[in-house]
Structures are given as C-alpha cells and as structure tokens.
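Counting starts at 1 for both ligands and their atoms, following the listed order. Any value given below was found using the heavy atoms of this structure, including those in side chains, with hydrogens, waters and symmetry copies removed.
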Amino acid sequence: MRAMRIHRLGPVGESDPPLKLEEIDTPSAGGGEVLLRVHACGVCHTELDEIEGRTPPPTLPVTPGHQVVGTVVTEGPDCRLGLVGKRVGVAWIYSACGECRWCRSGRENLCPDFMATGRDAPGGYAEFMVVPEAFAHEIPAEIGDLEATPLLCAGAVGCRALRLCRLENGEALGLTGFGASGHLVLQMARHLYPDSPIHVFARSAREREFALDLGADWAGHTTDTPERGLDAVIDTTPAWLPVLAAMQRLAPGGRLVINAIRKEAGDHDTLGDLDYDRHLWREKTLTTVANVTRQDVADCLRLAAEIPLKPHVTPYPLEKANQALLEVKAGHIRGAKVLEIAEHP
Ligand SMILES: [Zn+2]
Ligand SMILES: [Zn+2]
C-alpha cells in the first residue's frame with residue numbers, strides 16, 4: 001500500500017519536505033483489531049508538532065494522521081462488534097489501558113498509557129490502517145467522508161472543551177481565538193445553548209465577520225470588553241495575553257478552559273500582571289483540555305449529524321500531504337485540509 005511517512009524530526013520548510021511517499025506492506029488486524037481501507041484523513045497542526053519535536057513519535061518511521069475515515073475490510077480474532085463493511089472514524093485516541101483510575105472514571109484521555117493515533121501507532125496518511133475495534137467510531141450516514149474528518153479532532157476536542165465549561169442555557173460563553181475548533185464549537189454551542197449569548201474574540205476582522213455569520217452575538221478584538229461578564233470562556237490561542245484578558249472578563253464563578261497543546265514563550269511576561277482581585281477572586285476557575293475520550297468523539301459525531309454541522313474542507317491527494325502541511329504551517333486555516341485517499345465504494 002502507499003503511505004506518507006515521517007522519517008526524521010526537524011523544522012518543516014519548503015526545501016525539506018517532511019514526509020516521504022512509500023510503498024509498504026499492508027498491515028493485518030491482530031486480536032481485537034480491525035483493518036480499514038482509508039477514504040480520507042484530515043491534516044492537523046499536531047502533525048507539525050510531531051515532526052518538529054514538540055510531541056515526538058517514540059519510533060520512526062511512522063505514518064501520521066489522526067482524523068481517519070474508512071471502511072472496515074477485515075477483522076482480527078476476538079472481534080465482537082461486527083464492524084466489517086461499516087464506515088468508521090479513528091480519532092487521536094488510539095487506545096487507553098481501561099484499568100487505571102482515570103480510565104475507570106471516564107477520563108481515559110488522561111490514561112498514563114494513552115496511545116495517540118499517528119504518533120504511537122500508524123495513522124491514516126496511508127491506504128490502510130489497523131485500530132482496536134473498540135476505538136473505531138461509526139460515522140452517521142448524514143456525514144460525508146471528508147466532512148467527518150475535522151469532527152474527529154477539532155470537533156471532538158471542542159466538544160470536550162464545551163463540556164468542561166459546564167455551561168447552562170442562558171449563561172454567556174466566550175471564545176477567544178477562532179480557528180478550526182472555534183468554528184465548530186460556536187455552532188455546537190449555538191445548538192446546545194440556544195439562549196446563551198456567544199462572544200468571539202479574534203484579532204483579524206475577517207475572522208470576526210465569519211464568527212457573526214456563523215451565529216455569534218458579539219465579535220470583538222482580543223482585548224475588547226463586552227457589556228456583560230462571561231460565565232465561561234474557551235481559549236484556543238497560543239498566547240498568554242488572551243488568558244489574562246479572559247480571566248478579567250469572567251463573571252463571579254466563571255470558568256476558563258484552555259484548549260491548546262502549549263503556550264508560546266513570546267508573551268510569557270504578561271503573566272507578571274496577574275492580579276488576584278481582578279483575575280481570580282470570586283471563585284473563578286481555570287482548567288485545560290488534554291486529548292479526547294471516545295465519549296467526546298461519539299458526542300461530536302452525534303451532534304454534527306443532528307445540527308447538521310458541515311465543516312468546510314479542501315481536499316488534497318495523498319501524495320500532496322507535504323504541501324497541505326506547509327499550508328497549515330503558514331496559517332491558512334480557513335477550511336480543514338483533508339487527504340482524499342480512496343473513493344467511498
Ligand atoms: Zn488533530
Ligand atoms: Zn488507563
């Protein structure tokens with residue numbers, strides 16, 4: 001089969017394409033695993049984080065890709081779910097131990113043995129991949145192959161962030177940063193909390209306009225202040241200034257949920273302005289989002305079919321994966337980039 005694989009880690013640039021197109025053996029499903037013929041795989045910023053060493057794969061070469069849609073072609077021994085012939089998705093969660101205290105309390109995303117698709121196990125930048133059947137998600141018929149891929153990452157993690165907001169209908173929500181996840185979260189929040197005013201903070205005027213088009217009640221610059229205090233804010237920026245700005249805008253009892261793999265060092269000094277009275281007092285809380293659970297993925301797919309949510313996607317052939325990654329790095333995020341690997345039969 002054909003696969004685009006990572007062979008070495010380092011900065012991604014024009015002159016040095018990070019992935020190599022190769023002909024490798026088609027894997028076979030082991031105990032409890034299924035083999036998928038991949039139809040499509042989303043391209044995520046996390047692939048850059050892997051290649052540039054911020055979340056490095058433990059062994060090389062590795063096939064990246066963790067927003068995979070395909071049809072199950074065969075199953076290994078001990079499979080019980082009868083998935084052969086079904087269209088399924090694979091998300092960032094490839095497996096978790098199922099036995100530790102985090103797994104047993106619905107927080108398998110925090111499992112010490114968490115394995116990530118396309119980093120700790122081969123992912124979907126290939127014509128076939130295997131996955132434990134218990135970690136394959138059936139895709140609702142309403143959702144197309146390409147449209148499903150961003151739901152498996154940006155959508156699922158957005159769903160998790162929204163859950164951690166513990167919002168009640170009518171409470172005010174803020175989104176600071178408005179990228180791939182923000183677009184989907186805005187539409188999910190609009191559906192789940194019809195009476196909640198939604199505020200979007202974004203640096204670019206184009207993003208603010210887009211937020212209003214998608215149903216936001218208010219859109220402003222990162223440091224603008226809306227009229228009312230916010231009950232919850234989801235921050236998806238790589239910086240610290242929006243964190244302080246959001247904490248200051250929280251209403252008493254407000255929740256800030258940071259949905260970012262890391263914060264950049266650039267404006268770390270801003271934290272020197274942290275003021276107990278303005279930013280923390282009155283039971284404000286701060287949490288972060290790490291990975292996803294199968295529940296987050298299932299919830300997102302169900303919601304997307306119900307709304308219906310149709311993410312904008314730009315298809316690329318498998319062999320153009322390097323170009324897609326370079327464009328992600330350049331920050332052209334409007335519309336998810338998706339490798340279209342095989343036609344849906
Ligand atoms: Zn991702
Ligand atoms: Zn575990």
Side-chain angles (χ1 to χ4, degrees), residues 4 6 12 18-19 32 38 40-52 54-57 62-69 89-125 129 131-132 134-135 137 146-161 177 179-185 234 236 238 258-262 288-297 300-301 304 311-314 316 321 324-325 327-329 331-339:
M4 289 290 279
I6 305 171
V12 172
L19 306 175
V38 178
C41 182
V43 175
C44 182
H45 196 277
T46 303
E47 273 88 87
L48 294 171
D49 295 328
E50 290 183 27
I51 298 161
E52 296 186 332
R54 292 178 293 270
T55 177
V62 70
T63 309
H66 57 268
Q67 313 168 67
V68 193
V69 175
V90 185
W92 178 244
I93 181 164
Y94 185 83
S95 67
C97 82
E99 285 160 14
C100 70
R101 63 192 178 97
W102 291 279
C103 283
R104 282 187 285 113
S105 60
R107 295 175 295 165
E108 60 190 5
N109 58 311
L110 304 178
C111 175
D113 296 325
F114 183 97
M115 283 180 73
T117 310
R119 185 192 63 188
D120 307 319
Y125 283 34
M129 76 169 277
V131 68
F135 291 81
H137 302 267
L146 300 184
E147 288 76 30
T149 62
L151 301 173
L152 293 163
C153 184
V157 74
C159 225
R160 177 161 199 82
S181 176
H183 299 171
L184 299 172
V185 168
I234 298 173
T236 50
I258 301 179
N259 173 7
I261 294 186
R262 91 202 51 73
T288 59
V289 181
N291 305 322
V292 288
T293 64
R294 282 171 282 179
Q295 187 68 51
D296 301 320
V297 180
C300 178
L301 291 170
H312 298 276
V313 293
T314 310
Y316 294 75
L325 277 177
E327 291 175 13
V328 169
K329 183 161 181 171
H332 306 149
I333 46 151
R334 189 140 174 202
K337 300 182 195 319
V338 182
L339 304 176

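Side-chain atoms of Glu327 never come within 3.5 Å of backbone atoms of Ala324 as a donor-acceptor pair (strictly under, hydrogens ignored). At distances below 3.5 Å, at least one donor-acceptor pair connects side-chain atoms of Thr293 with backbone N or O atoms of Asp296.
The existence of a salt bridge linking Glu52 and Lys329 is confirmed by a sub-4.0 Å separation between a basic side-chain nitrogen and an acidic carboxylate oxygen.
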Could you give the side-chain donor-acceptor pairs of residues 113-122 under 3.5 Å, partners two or more places apart or in another chain?
unit_1 : atom_1 : unit_2 : atom_2 : d
Thr117 : OG1    : Ala91  : O      : 2.6
Thr117 : OG1    : Trp92  : O      : 3.4
Arg119 : NH1    : Thr55  : OG1    : 2.7
Asp120 : OD2    : Ala116 : N      : 2.8

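Of all protein atoms, those that are N, O or S and lie under 2.8 Å from the Zn ion (ligand 2) total 4.
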Q: Could you walk me through whether Asn291 and Arg160 pass side-chain contact (heavy atoms from CB on, under 4.5 Å), step by step?
A: CA-CA 9 Å; Asn291 305 322; Arg160 177 161 199 82; over 6 Å; no
**Q.** Step-by-step side-chain contact (heavy atoms from CB on, under 4.5 Å) determination, Leu152 to Val68
**A.** CA-CA 8 Å; Leu152 293 163; Val68 193; 5.6 Å; no
Q: Could you check Thr63 against Met129 for side-chain contact (heavy atoms from CB on, under 4.5 Å), going step by step and ending with a plain yes or no?
A: CA-CA 9 Å; Thr63 309; Met129 76 169 277; over 6 Å; no
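Listed by chain and number, the protein N, O or S atoms at a distance under 2.8 Å from the Zn ion (ligand 1) are Cys44 SG, His66 NE2, Cys153 SG.
In this structure Pro18 satisfies the side chain to side chain contact (heavy atoms under 4.5 Å, CB included) test together with Val12, Ile51, Asn322, Leu325, sequence neighbours excluded.
For the side chain to side chain contact (heavy atoms under 4.5 Å, CB included) with Glu108, the lone residue among Cys100, Cys103, Cys97 that qualifies is Cys103.
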